[in-house]
Number of protein chains: 2
Amino acid sequence: MLEELTIQQKIKYLQDTLYVISGKWKLLILMSMYGGTCRFRELQRSVEGITTRVLSKELKELEVNKLIERKIDNTYPVLITYQLTPYSFSLKPMVDEMITWGAQHRKELSKP
Amino acid sequence: MLEELTIQQKIKYLQDTLYVISGKWKLLILMSMYGGTCRFRELQRSVEGITTRVLSKELKELEVNKLIERKIDNTYPVLITYQLTPYSFSLKPMVDEMITWGAQHRKELSKP
DNA sequence: GATACCAGTTACTTAAAGGATACCAAAAAT
DNA sequence: ATTTTTGGTATCCTTTAAGTAACTGGTATC
């Protein structure tokens with residue numbers, strides 16, 4: 001499948017991907033949610049250093065990209081939760097490769 | 001190997017990786033070099049829109065990360081070339097996953 | 001009645017990334 | 001002889017990402 005793509009297409013898809021996951025916080029938020037965290041304040045405490053403003057913005061972007069879902073429970077008072085979508089798990093092979101490369105890269109750089 | 005890592009370690013490695021490849025130009029430069037481009041002005045023409053200042057900075061960062069090498073040919077006049085290192089090819093599995101995910105993600109977003 | 005939790009928003013500021021332009025000295029092409 | 005090419009560096013400027021802080025409206029607790 002990759003062989004069929006021109007270099008320009010590859011670049012475009014690569015940039016799409018980077019756009020979705022890059023930035024200081026997106027993957028941290030996803031990781032935290034992967035660990036079970038699902039409420040706004042809870043996420044704010046769990047993702048160290050993030051502010052409400054930024055967290056709010058990031059959550060919206062993740063939602064636009066269908067990686068999370070914002071659910072409003074019509075209990076009293078309303079309960080808002082964020083959940084990873086099944087689709088979000090499609091990131092796993094890529095994220096795993098990124099972790100693997102990063103780990104390996106540390107070793108490479110520390111070589112003489 | 002990945003299973004042995006704590007979530008904090010995973011995050012750290014992930015961020016290392018993002019740090020190395022993110023930004024507007026790094027992967028474009030690598031792709032262009034993968035296509036055979038190897039001289040400064042040539043790269044500047046090939047990577048549309050990049051300025052000398054930024055290209056210079058990016059090349060230095062890629063070199064620090066051992067992904068490219070700057071070679072000075074002691075011909076007359078000196079000839080400077082940039083070359084992908086063998087190490088740089090270790091990025092391939094990850095980059096391929098990123099391209100694949102990006103391609104698939106376009107489709108996902110265009111769904112109703 | 002004051003304080004604190006929840007889920008954010010708004011307006012403003014700072015820091016980092018990137019862009020525009022000019023310039024250098026040597027060599028090559030016109 | 002003048003222009004162009006080479007591999008950059010030096011300044012200055014703009015854009016974008018992220019941070020600060022105050023505030024909203026509602027609930028719940030002390």
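Per chain, numbering begins at 1; letters A, B, ... match sequence-line order. Quick caveat, the model's predicted, so the values are computed rather than measured.
- Between L59(A) and I50(B), the residue whose closest nucleotide on DNA chain C is further toward the 5' end is L59(A).
- Annotation for E97(B) and P93(A): closest pair OE1-CB, 3.7 Å, computed over non-hydrogen atoms.
- Remark: dC30(D) base-pairs with dG1(C); criterion is Watson-Crick or G-U wobble with both hydrogen-bond distances under 3.5 Å.
- When all heavy atoms are compared, the tightest approach of M94(B) to T17(B) is SD-CG2, 3.4 Å.
- Note on E63(B) versus R70(B): no salt bridge recorded, every NZ/NE/NH1/NH2 to OD/OE distance being 4.0 Å or above.
- DNA chain D lies under 4.0 Å from at least one heavy atom of each of the following residues of residues 19-40 of chain B: R39(B), F40(B).
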Review item, side-chain donor-acceptor pairs of residues 31-39 of chain B, under 3.5 Å, at least two apart:
unit_1: S32(B); atom_1: OG; unit_2: T37(B); atom_2: OG1; d: 3.1
unit_1: S32(B); atom_1: OG; unit_2: S46(B); atom_2: OG; d: 2.5
unit_1: T37(B); atom_1: OG1; unit_2: S32(B); atom_2: O; d: 3.1

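- Put simply, T52(A) has no side-chain N or O that comes within less than 4.0 Å of OP1 or OP2 on dT9(C).
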Pair Y87(B), Q104(A) - check side-chain hydrogen bond (donor to acceptor under 3.5 Å, both in side chains), show working.
CA-CA 11 Å; Y87(B) 175 60; Q104(A) 166 278 132; 2.9 Å; yes
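- Using modelled atom types, no side-chain atom of E108(A) and backbone atom of R106(A) make a donor-acceptor pair closer than 3.5 Å.
- Regarding L18(A), its CG atom lies at a distance of 15 Å from the C1' atom of dA17(C), rounded to whole Å.
- At a threshold of 4.5 Å between side-chain heavy atoms, the hydrophobic network of Ile, Leu, Val, Met, Phe, Trp and Tyr places L109(A) and I68(B) in two separate groups.
- Using modelled atom types, no side-chain atom of Q15(B) and backbone atom of K12(B) make a donor-acceptor pair closer than 3.5 Å.
- Along DNA chain D, the stretch of nucleotides lying under 4.0 Å from any heavy atom of chain B spans, 5' to 3', dT6(D) to dT11(D).
- Counting to the nearest Å, the C1' atom of dA4(C) and the CZ atom of R45(A) are 12 Å from each other.
- Within residues 60-77 of chain B, the residues approaching DNA chain D are K60(B), R70(B), by heavy-atom distance under 4.0 Å.
- In this entry the distance linking CG of L55(A) with P of dC6(C) reads 13 Å, nearest Å.
- In summary, the side chains of N65(A) and H105(B) do present a donor paired with an acceptor at a separation below 3.5 Å, with no hydrogens or angles considered.
- For R53(A) and dC12(C), the CZ to P distance is 13 Å, given to the nearest whole Å.
- A donor-acceptor contact shorter than 3.5 Å is absent between the side chain of E61(B) and the backbone of E58(B).
- If you check residues 78-85 of chain A against DNA chain C, the residues with a heavy atom closer than 4.0 Å are I80(A), Y82(A), listed by number.
- No option in L59(A), L84(A), I29(A), V20(A) other than V20(A) meets the side-chain contact (heavy atoms from CB on, under 4.5 Å) test with L67(A).
- Contacts classified as ring pair (Phe, Tyr, Trp, His ring centres under 6.0 Å) and involving residues 1-29 of chain A (residues at least two apart or in different chains) are not found.
- Side-chain atoms of E42(A) and Y82(A) include no donor-acceptor pair closer than 3.5 Å.
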